[in-house]
Amino acid sequence: MSDIAKLEINGESFEFPVIRGTENEIAIDIKTLRAVTGGAITLDPGFKNTGSCTSKITFLDGEKGILRYRGYAIEELTKKANFLEVAYLIIFGELPTKAQFKKFENDIKANAMVNEEMKNIIDGFPKSAHPMGMLSSLTSALTAFQPNVVNVHSEEEMYNAIVKILGKFPVLASWAHRRNKGLPLNYANNSLDYVSNIMQMMFRIPTEEYKINPIAVKALDELLILHEDHEQNCSTSTVRIVGSSEAGLFASVSAGVSALWGPLHGGANQAVLEMLEAIRQDGGDVERYIAKAKDKNDPFRLMGFGHRVYKNFDPRARIIKKACDDLFDDLNLNDPVLDIAKHLEEVALKDEYFAKRKLYPNVDFYSGIIYRALGIPVEMFTVMFAIGRLPGWIAQWKEMRENREPIGRPRQLYIGESLRTFIPFEKR
Ligand code: ACO
């Protein structure tokens, strides 16, 4: 194949280099398009065909159902590594040695305190505030207590900013939950690992000893690994574009939290559980809901089925399904909602409608059931996703700044009014 793409506009021909990625994907490099054509731009709402950057962090192939971080398959990472180890890999590019991991973990622990004045901000939120709104605001507010802008060309300053946000973010996330429930705000216990701390900060109450359940921690750890990065999705692109203006890491991550909040992005796991619960309360007639999902006159869709990128299977869904089964077996749990989910999946996978459209369970189909089994309330599901995605946001922000990428500034095609004469107020 030629490494040149040819474009003809009004009889004039232009050539652009074709760049190949590691896995042989191709991209047409149109950096010079406006200059050579005298102002033409490409139009691609939603950026479905537009690469905004080159990246060394995550590879995914939606057709083949592949997801890898820094070249390692997620199937292997979820089995053999823990969340923080994978975070190190995603952020710094290599699996940590024992010494590197110990230092990383200790440095995060050393930064797990949050300025007590942040509690005044929490007190200002109405009780009805959604935890994602609180988390976004609190992450942004961190900037006020760490006013120095990170010098991205200093390895040490970058590292310090990274361990700081990794230390404080789960504390703030747990505070969003505790405030909602009227519970005292907890801090981390530095004798525990990162994911155990998330559990104890969310659930420990002052009157009782909190016992860590290693099976629950393992399930959450696996789930969080699967969420660590997913290349240029909506929230990650947001983090990169906000950071491209040289806004700091906390401000960029805060914007990422807001982007993740939407039901079309991180909010889908909540929608799945609400759907399963509604089916249960309606008598559990799975076949009727499958028929509703297939009926073009019915707006109902099977939440947790289908994916914009994965068109054969979502590799994360396979891992999560197994994790969900293991968790329920190990803890000897029963949940009628899980039975409905399995029945729904079984019926849908045999149905021609879903097979023809390549609709398979996605990552959200089982993740909500795991969260529910762990006692995490529905409104916190997207917050858990944000905790999982934090290393990805950090890595992408770091890569963007280190690559000295230019400020993100898409173009537009103006289709509004041409120059008009102003009509004075009295004459309108
Ligand atoms: N239930 C029933 N039918 C569906 C579903 C579904 N969940 N998803 C797609 N279809 C049908 C569509 O009606 C369409 O049918 P048609 O060709 O007869 O018109 C066909 O499948 C293609 O659907 P599109 O919406 O064009 O597929 P797209 O790739 O654009 O959408 C999406 C993907 C948005 C995820 C969609 O499958 C969906 O809405 N799923 C349910 C919501 C969900 O689970 N979202 C979470 C995604 S994972 C994540 O964000 C982390």
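For ligands, and for the atoms within them, numbers begin at 1 and follow the listed sequence.
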Residue pairs involving residues 385-404 (criterion ring pair (Phe, Tyr, Trp, His ring centres under 6.0 Å); sequence neighbours excluded): His227-Phe385

On the 0 to 90° scale, with breaks at 30° and 60°, tag the Trp261-His130 ring pair as parallel, tilted or perpendicular. tilted

Across all chains, not counting sequence neighbours, the side chain to side chain contact (heavy atoms under 4.5 Å, CB included) partners of Leu183 are Arg178, Lys181, Ile205

I would like to know whether Asp221 and Asn82 meet side-chain hydrogen bond (donor to acceptor under 3.5 Å, both in side chains); could you show each step before the answer? CA-CA 6 Å; Asp221 196 285; Asn82 67 33; 5.5 Å; no

Taking only heavy atoms of the protein into account, state which residues are under 4.0 angstrom from an atom of ligand 1, in chain and number order. His265, Ala268, Ala293, Lys296, Arg301, Leu302, Met303, Gly304, Phe305, Gly306, His307, Arg308, Lys311, Tyr353, Arg357, Leu359, Asn362, Val363, Asp364

Taking only residues two or more places apart in sequence, or in another chain, which ones meet Tyr72 in a side chain to side chain donor-acceptor pair (under 3.5 Å)? none

Indicate whether any N or O donor in one side chain lies under 3.5 Å from an N or O acceptor in the other, for Tyr159 and Asp107. yes

